[in-house]
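Below you'll find the structure, written out as structure tokens, and then a few comments.
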Amino acid sequence: MGKNNDFVKQITKKSEDFSKWYIDVIKRAKLADYSPMKGMMVIRPYGYEIWELIKENLDRMLKETGHRNAYFPLLIPESFLKKEAEHVKGFAPEVAWVTIGGNEVLEERLAIRPTSEAIICSMYSKWIKSWRDLPLLINQWANIVRWEKVTRPFLRTTEFLWQEGHTVHSSYEEAEEETLKILDIYKTLAEKYLAIPVIPGLKSENEKFAGALRTYCIEALMPDGKALQMGTSHNLAQNFSKAFNIKFENKKQEIEFAWQTSWGVTTRLIGALIMTHGDDSGLILPPEISPFQAVIIPIAKGNYTKSILSEAKKIHNKLKEKGIRSCLDDRDSYTPGWKFSEWELKGVPVRIEIGPKDLEKGQVVLVNRIDRNKIFVKQENLLSTLKELLNEIQIKLFNRAKDFRENNTNNVERFSELKEIIETKKGFIKTGWCGSNKCEKEVKEKTSATIRAIINEKNSNFKKCAICGKKAKHTVLFAKSY
RNA sequence: CGGGGCGUAGCGCAGUCUGGUAGCGUAUCGGUUUUGGGAACCGAGGGUCGGAAGUUCGAAUCUUCUCGCCCCGACCA
């Protein structure tokens with residue numbers, strides 16, 4: 001492409017100021033905008049369309065595994081939230097409260113849900129009586145409010161959208177199996193659809209969900225070397241069933257507390273998407289979840305205008321018929337060059353150009369968003385070539401992100417190495433851990449890095465704990481996190 | 001919640017130190033010519049300078065308070 005690839009002049013360069021780039025992209029690509037409410041953003045149509053595609057795919061996978069959607073109330077009485085001690089302790093600092101209804105001061109204040117275990121479990125205790133009622137596999141798509149001190153669009157907002165699954169089972173083993181099954185679905189969502197490689201693992205006692213027995217997570221590495229938690233799946237064991245009195249009669253005619261799980265992913269995934277794939281020209285969206293997979297830009301010129309536009313329309317309709325999300329940009333008030341930059345900013349994976357020269361030759365030009373490579377293809381081959389190209393882009397984005405992660409993951413034996421890496425290049429640090437709270441805390445205090453995931457719980461391929469030097473029980477991943 | 005920075009037209013900024021009736025680029029609107037990498041020319045509109053109070057003959061500019069955003073920490077999806 002020659003000397004000047006610097007086509008988009010309106011956003012900060014990713015390499016110069018990553019945080020500013022991130023905000024610029026969100027605003028310029030019209031994914032979201034700040035609202036008058038502190039920490040709350042408006043998700044604009046283009047951003048919401050990405051969410052809808054994420055949602056569609058995850059929803060389908062959840063339904064395929066027997067989950068059904070339902071909806072529970074936004075407000076939770078304080079007494080309900082207080083029933084599970086760890087749970088309330090964990091969430092208390094970030095709950096928003098409703099204290100007045102109309103003109104009346106409420107007798108009991110109501111929490112705006114920071115998560116719905118409390119309200120959902122209170123219903124489950126009414127619905128579940130017998131082993132025949134199990135498993136109960138319910139998911140809800142909802143909004144959540146957590147009064148965060150520091151917010152960033154998509155990554156951490158006061159209000160956000162998510163799905164939260166809440167399931168009930170007749171045994172610990174079955175609950176554990178469900179927890180892992182969901183973790184695997186999340187991994188598929190991240191890797192196959194968002195093209196973001198993730199590492200599944202277990203959270204340490206310090207990092208686990210308030211009220212869970214075990215929290216599993218998927219962790220991704222962002223381009224600035226910080227880790228992002230992209231989803232969590234909790235085995236709640238009987239913690240909530242005991243607090244909310246969810247009991248069932250098992251096949252042996254014994255009354256037993258039920259075994260539960262909960263799990264969720266949020267609009268944060270969109271933040272991960274932006275950071276992982278974007279470049280100096282803006283967003284790059286993986287074809288699977290891009291609102292437009294291809295944008296057709298007619299180069300309408302002089303006498304050719306009419307014939308080119310009608311050809312472009314034909315192509316557009318053909319692609320739509322074949323299930324490709326196509327956009328025809330036939331606005332005549334913008335020049336082709338302007339449109340190129342605009343759609344690159346918006347991250348559309350493939351651009352289709354058709355101009356006088358192409359019309360004569362019976363071809364179109366396909367341009368790959370990743371490297372701007374051009375392919376000239378005969379009209380009759382368009383569909384197959386486009387599909388191949390979309391597939392190739394999806395894979396390339398994933399591989400590129402994976403290479404980055406591999407290149408920024410370091411095996412470490414000693415604390416001094418760990419500290420140096422965190423202070424300089426960051427990234428994931430794989431090391432041995434003795435399992436003690438003390439060592440985990442020491443790392444946090446001295447480096448601000450935390451255990452993102454325990455990736456080998458049963459044993460460790462590291463001999464010693466990097467901090468205390470005692471025998472390593474687990475292999476863990478340390479990183480600075482969002 | 002602690003430390004730092006920034007709020008002036010839709011967006012990006014200058015003007016603030018040294019007070020004197022608000023400017024540039026871009027975008028927008030109308031018109032003409034254009035269209036293979038953010039087109040050119042002509043014309044037009046757009047602001048209670050984040051908000052409140054104070055000092056002053058006079059405040060974008062000085063003082064105090066307040067709100068919001070960004071960055072770095074502590075806290076969290």
Side-chain angles (χ1 to χ4, degrees), chain A residues 1-12 17-24 27-28 30 33-41 90-95 114-115 144-164 186 203 206-207 209-210 215 217-220 227-234 263-272 281-282 297-302 304-305 308-309 329-345 351 353-359 364-365 367 372 374 376 444-445 448 450 480-482:
Chain A
M1 292 290 319
K3 43 228 176 283
N4 190 14
N5 281 341
D6 193 13
F7 295 130
V8 174
K9 288 130 195 148
Q10 298 179 339
I11 56 174
T12 308
D17 187 339
F18 185 72
S19 301
K20 196 158 188 290
W21 170 87
Y22 177 76
I23 302 289
D24 280 354
K27 295 189 88 169
R28 292 286 179 186
K30 297 187 181 166
D33 200 0
Y34 293 100
S35 78
M37 269 302 302
K38 178 184 161 79
M40 295 184 177
M41 64 172 182
F91 280 100
E94 48 184 357
V95 172
T115 179
I144 289 295
V145 168
R146 294 182 190 173
W147 218 256
E148 299 287 351
K149 299 188 171 154
V150 179
T151 57
R152 301 185 82 187
F154 292 112
L155 296 175
R156 176 164 297 105
T157 46
T158 302
E159 180 185 10
F160 56 91
L161 303 182
W162 77 348
Q163 59 67 220
E164 48 179 327
Y186 285 167
K203 286 291 182 195
N206 277 325
E207 301 279 334
F209 176 73
T215 289
C217 61
I218 50 172
E219 292 280 329
L228 186 73
Q229 179 174 301
M230 288 182 56
T232 47
S233 184
H234 318 292
W263 26 272
V265 295
T266 76
T267 34
R268 167 181 271 192
L269 292 179
I270 297 173
S281 300
I297 299 181
I299 318 290
K301 226 181 192 179
Y304 291 89
T305 305
I308 286 168
L309 277 179
D329 189 350
D330 58 0
R331 294 175 291 179
D332 58 6
S333 50
Y334 295 101
T335 60
W338 189 92
K339 292 177 185 175
F340 294 169
S341 301
E342 180 70 8
W343 290 107
E344 280 176 11
L345 175 61
R351 175 172 81 231
E353 298 174 18
I354 176 157
K357 282 182 253 169
D358 308 307
L359 204 62
V364 295
V365 186
V367 186
R372 295 198 181 93
K374 289 192 176 183
F376 299 87
K444 191 172 180 184
E445 274 161 26
S448 83
T450 48
K480 275 200 182 191
S481 77
Y482 270 95

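Proteins get letters first, then strands, A, B, ... in listed order; numbering begins at 1 in each.
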[atom1] atoms of [N] and [M], separation to the nearest Å:
N	M	atom1	answer
G47(B)	G23(B)	C1'	11 Å
G51(B)	G45(B)	P	24 Å
C1(B)	A60(B)	C1'	31 Å
G73(B)	A14(B)	C1'	33 Å
U35(B)	C71(B)	C1'	42 Å
U55(B)	C67(B)	P	23 Å
U48(B)	G43(B)	C1'	28 Å
G36(B)	G50(B)	P	41 Å

Base, sugar-phosphate, or nothing: which does [X] touch, judged by heavy atoms less than 4.0 Å apart?
X	result
D17(A)	nothing
T157(A)	base
P356(A)	base
S448(A)	sugar-phosphate
Q229(A)	sugar-phosphate
T266(A)	base
K20(A)	nothing
E94(A)	sugar-phosphate
R331(A)	nothing

Does Y482(A) have R156(A) sitting over its ring (NZ/CZ under 6.0 Å from centre, angle to axis within 45°)?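 No, R156(A) does not sit over the ring of Y482(A).
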
Does [N] have OP1 or OP2 sitting under 4.0 Å from an N or O in the side chain of [X]?
X	N	answer
K339(A)	U35(B)	no
K444(A)	C75(B)	yes
Y34(A)	C70(B)	yes
K38(A)	C69(B)	yes
T335(A)	U35(B)	no
S341(A)	G37(B)	no

Determine whether a donor-acceptor pair (N or O, by modelled atom type, separation under 3.5 Å) exists between the side chain of Y34(A) and the backbone of P153(A).
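The answer is no, because no donor-acceptor pair under 3.5 Å joins these two groups.
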
Report yes or no: does K339(A) contribute a side-chain atom to a donor-acceptor pair with the main-chain N or O of I297(A) at less than 3.5 Å?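 No, because the side chain of K339(A) does not come within donor-acceptor range (under 3.5 Å) of the backbone of I297(A).
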
>> Run K203(A) and E219(A) through salt bridge (Lys or Arg N to Asp or Glu O under 4.0 Å) and show every step you take.
In response: CA-CA 10 Å; K203(A) 286 291 182 195; E219(A) 292 280 329; 2.8 Å; yes

Considering Watson-Crick and G-U wobble pairs with both distances under 3.5 Å, what does [N] pair with?
N	value
A74(B)	none
G43(B)	C29(B)
G58(B)	none
U18(B)	none
C24(B)	G12(B)
C69(B)	G5(B)

Per [X] side chain, nearest of listed nucleotides [options]:
X	options	value
R156(A)	G36(B), G37(B), C76(B)	C76(B)
K301(A)	A74(B), U35(B), G37(B)	U35(B)
R351(A)	G37(B), C70(B), C76(B)	G37(B)
V150(A)	G36(B), G73(B), G37(B)	G73(B)
Y334(A)	G36(B), U28(B), G73(B)	U28(B)

Working to the nearest 0.5 angstrom, can you tell me the gap between E164(A) CD and T266(A) OG1?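 Here the interatomic distance stands at 12.0 Å.
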
Give, for atom CD1 of I299(A) and atom CZ of F340(A), the distance between the pair rounded to the nearest 0.5 Å.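 Answer for the CD1-CZ pair, I299(A) versus F340(A), is 4.0 Å.
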
In whole angstrom, give the distance that lies between atom [atom1] of [X] and atom [atom2] of [N].
X	N	atom1	atom2	answer
R28(A)	A27(B)	CZ	P	11 Å
D33(A)	C11(B)	CG	C1'	11 Å
R152(A)	C69(B)	CZ	C1'	12 Å
D24(A)	C69(B)	CG	P	17 Å
I297(A)	G37(B)	CD1	P	11 Å
F154(A)	C76(B)	CZ	C1'	19 Å
D329(A)	G36(B)	CG	P	14 Å
K27(A)	C69(B)	NZ	P	11 Å

Please name the pair of heavy atoms, one in [X] and one in [Y], separated by the smallest distance, quoted to 0.1 Å.
X	Y	value
P298(A)	D330(A)	CG-CA, 4.4 Å
Y186(A)	T232(A)	CE1-O, 3.5 Å
V367(A)	E353(A)	CG2-OE2, 3.5 Å

Problem - V365(A) vs S333(A), nearer the 5' end of RNA chain B by closest nucleotide - result: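 Final value for this comparison: V365(A).
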
Mapping G337(A) and G39(A) onto RNA chain B by nearest heavy atom, which one lands closer to the 5' end?
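The 5'-side residue here is G337(A).
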
